Visitor: 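Please read through the structure below; I'll follow up with questions.
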2 protein chains.
Amino acid sequence: MAYLEADALGYGAGNLNRTAPVCETNKTGFAAFGGKATHHDSHTVIYYEGDPAKRLYELVKGTVMLYKLLPDGRRQVVEVLQSGDIFGLSSGSENDCTAETLVEAEVSEIDLKQVEASADLQRLLTKCLTNQMHVLHEHAVLLGRKSAVERVASFLMHLVPERGGPGCPGPRGEADDGFDLQLHMTRQEIADYLGLTIETVSRVVSDLKRRGIIRVDRADKIHLNKVCGLCQMTGMH
Amino acid sequence: MAYLEADALGYGAGNLNRTAPVCETNKTGFAAFGGKATHHDSHTVIYYEGDPAKRLYELVKGTVMLYKLLPDGRRQVVEVLQSGDIFGLSSGSENDCTAETLVEAEVSEIDLKQVEASADLQRLLTKCLTNQMHVLHEHAVLLGRKSAVERVASFLMHLVPERGGPGCPGPRGEADDGFDLQLHMTRQEIADYLGLTIETVSRVVSDLKRRGIIRVDRADKIHLNKVCGLCQMTGMH
DNA sequence: CGTTGGTTTGAGAGCACTCAAGCACTGTGG
DNA sequence: CCACAGTGCTTGAGTGCTCTCAAACCAACG
């Protein structure tokens, strides 16, 4: 089993929705601007939708999701953030999403006022926002136009580095086209991210297992037997 | 009929997805930075998904949609832009969406290099991106969690200024809670924006008509009889 | 060994989709 | 002035994918 190995490489859920490196030109992030480092346990809310937006946050380590709730309890996870991503920006005076950690996370906070002033921060911000925008566009296609199988396949493919994107090399060489994944989201979180129900996600996963595309060692430990085969099921090929 | 009146006020499709004014702090937009003004007829492509991204565009007048296509022809309209909105930013070197006008439009173009240099442009950009981000978040909820009726109701409500948002005053006074709309999108465009089929959109509109919520004078001229009643159907109350 | 929380599986229903026909408005030519 | 495509929208019938509700399963834990 190479789960730990994959994790150590920063893979696993670590590059969700990441087709290109983000904000890596600025290695220091908010640290260079006196950002206050904070630690958050797994599944902790950093701020709630509707809270006054006074700070900007940079995810340094871990994974954070942003979600919105409808009054009757329906939830949509709108973004899953990775290290380097910035969140907490609001078009009004209130946060438009709730931010919650998926796993333990290190976050760097700075005051919104600082951002207004610093040109470097603005540049960093533009870059990150552009990237998040791109991810949101792709996610809109997933939510609006893809079937359940295509959604789950797309989700899993996003967890495989260097694959599925425009520069996908195809199956490396020949037979061995496998990959080990460590999920950092529960079925419920995946469902709310993909616009499905928990049962549908589970059924699709079971179906992929039955068809030999994947192997499920534990609910959160999945081995992709045929990365390229899975990629064919995303609706993008 | 007050259609022309509404249109003259800049309503109609003019404030789609606009809960707060955008980029209005910078009245000049790109003009102040030597942006090249261009004119585009209705339903003209400004750039295609996959084209090299070399310029940044500001919509000065009219309406532009951004959409993505899946290889089998499925389309998802990911954004509907209004004057003041900026588009053409890409996280890679290629445009991630196709940009097409919905109606005649005036666009101001500037070189991407200019943006890198100007702090004012960066600030303008951050503001616009933040706004678009907020709209995309809300749209993700619509696409992932709302029923067909809720999607169409939400869509129509976005065309009514000052209503449906957090500061909604409710039905003004008493009886008269109507509003005239001029749509600038075909049923197909609406369907592709809402993640539905053209038939479903048509059926929902007919149903709203049957229930007395709206009156359809022409396919693109709709009178809302009960704005508040419609608002109740968006899933957000 | 029972409890708990998360996951999987099953049966059935319903909403939105597909395919197909009908309708309304527009412009064109005889 | 009317016939006739042409285009876009609406309506109908039937199917199927995903949802809902419910029960079973499983690993972790006290």
Side-chain angles (χ1 to χ4, degrees), chain A residues 3 42-43 70 72-77 100 102-103 142-156 181-211 213-222 233 235, chain B residues 3 42-43 70 72-76 102-103 142-156 181-211 213-222 233 235:
Chain A
Y3 296 126
S42 177
H43 291 279
L70 289 176
D72 61 4
R74 281 176 286 179
R75 180 174 77 159
Q76 179 63 47
V77 173
E100 186 176 322
L102 286 174
V103 298
L142 181 146
L143 293 174
R145 289 302 179 209
K146 291 191 180 179
S147 70
V149 178
E150 289 171 335
R151 295 184 198 200
V152 174
S154 301
F155 173 75
L156 292 175
L181 286 185
Q182 157 80 347
L183 300 183
H184 292 133
M185 296 168 83
T186 65
R187 292 289 186 272
Q188 186 64 66
E189 285 155 358
I190 296 172
D192 287 345
Y193 183 50
L194 301 181
L196 299 170
T197 58
I198 187 172
E199 294 97 329
T200 298
V201 171
S202 183
R203 267 184 257 274
V204 170
V205 168
S206 297
D207 192 54
L208 291 175
K209 183 169 58 181
R210 223 168 289 124
R211 291 156 67 177
I213 312 280
I214 65 174
R215 170 164 46 80
V216 181
D217 297 318
R218 248 178 39 198
D220 62 338
K221 299 219 181 287
I222 294 182
M233 306 174 70
Chain B
Y3 295 127
S42 177
H43 291 279
L70 289 175
D72 62 3
R74 281 175 286 177
R75 180 174 78 160
Q76 179 64 46
L102 286 173
V103 297
L142 181 147
L143 293 174
R145 289 300 178 210
K146 290 192 181 178
S147 71
V149 178
E150 289 171 335
R151 295 183 199 201
V152 173
S154 301
F155 173 76
L156 292 175
L181 285 185
Q182 157 82 336
L183 300 184
H184 292 133
M185 296 169 84
T186 65
R187 291 290 186 272
Q188 186 64 65
E189 286 155 357
I190 296 172
D192 287 346
Y193 183 50
L194 301 182
L196 299 169
T197 59
I198 187 172
E199 295 97 329
T200 299
V201 171
S202 184
R203 267 185 258 273
V204 170
V205 169
S206 296
D207 193 53
L208 291 176
K209 184 169 56 178
R210 222 168 290 124
R211 291 157 66 178
I213 311 281
I214 64 174
R215 170 164 47 81
V216 181
D217 296 319
R218 249 178 40 195
D220 62 338
K221 298 217 180 289
I222 295 182
M233 307 175 70

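A, B, ... follow the sequence lines: proteins, then strands. Residue 1 opens every chain. In this text, all values refer to a predicted model and were calculated from it rather than measured experimentally.
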Visitor: Does the side chain of A:Thr186 get closer than 4.0 angstrom to OP1 or OP2 of C:dG6 through an N or O atom?
Guide: no
Visitor: Rounded to whole Å, how long is the line connecting atom CD of A:Gln188 with atom P of C:dT7?
Guide: 8 Å
Visitor: Below 4.5 Å, heavy atoms only, C-beta onward: do B:Leu156 and B:Leu208 meet side chain to side chain?
Guide: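 Yes - at least one pair of side-chain heavy atoms lies under 4.5 Å apart.
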Visitor: Can you tell me the distance, in whole Å, between the CG atom of A:Asp72 and the P atom of D:dT20?
Guide: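 A:Asp72 atom CG is separated from D:dT20 atom P by 10 Å.
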Visitor: To the nearest 10°, let me know how far the axis at one end of the helix from C:dC1-D:dG30 to C:dG30-D:dC1 is tilted from the axis at the other, five pairs an end.
Guide: 10°
Visitor: Say whether, by atom type as modelled, one donor and one acceptor occur between the side chain of B:Ser206 and the main chain of B:Ser202 under 3.5 angstrom.
Guide: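 Present.
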Visitor: How would nucleotides 22-30 of chain D be written as a contact map, 5' to 3', with B for base contact, S for sugar-phosphate-only contact and - for no contact, using protein heavy atoms under 4.0 Å?
Guide: ---------
Visitor: Could you check how far CZ of A:Arg145 sits from P of D:dC17, rounded to whole Å?
Guide: 17 Å
Visitor: Let's see if you can work this out: which of C:dT9, D:dT18, C:dT8 has an atom nearest to the side-chain heavy atoms of A:Arg187?
Guide: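 Among the listed nucleotides, the one closest to the side chain of A:Arg187 is C:dT8.
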Visitor: Can you sort out which residues in residues 200-208 of chain B have a heavy atom within less than 4.0 Å of DNA chain D? Ascending by number, please.
Guide: B:Ser202, B:Arg203, B:Ser206
Visitor: Within this structure, what is the NZ-to-C1' distance between A:Lys209 and C:dT9, rounded to whole angstrom?
Guide: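 So the two atoms are 11 Å apart, to the nearest Å.
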Visitor: Which nucleotide in the list D:dT18, C:dT7, C:dA16 gets nearest to the side chain of A:Ala219?
Guide: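 In terms of side-chain proximity for A:Ala219, the closest of D:dT18, C:dT7, C:dA16 is C:dT7.
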Visitor: Any Lys/Arg nitrogen of B:Asp207 or B:Arg211 sitting under 4.0 Å from an Asp/Glu carboxylate oxygen of the other?
Guide: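 Yes, B:Asp207 and B:Arg211 are salt-bridged.
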Visitor: Using atom CG of B:Asp192 as one end and atom P of D:dG8 as the other, report the distance to the nearest whole Å.
Guide: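 Result: 14 Å.
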Visitor: Can you tell me how far C1' of C:dT18 sits from CZ of B:Arg74, to the nearest Å?
Guide: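 The answer, rounded to whole Å, is 14 Å.
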Visitor: Tell me whether A:Arg75 is salt-bridged to A:Glu189, with the criterion being a basic N under 4.0 Å from an acidic carboxylate O.
Guide: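 A:Glu189 and A:Arg75: not salt-bridged.
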Visitor: Calculate the interatomic distance between A:Leu194 atom CG and D:dT18 atom P; express it in whole Å.
Guide: 12 Å
Visitor: Would you call A:Arg74-A:Asp192 a salt bridge at under 4.0 Å N-O?
Guide: no
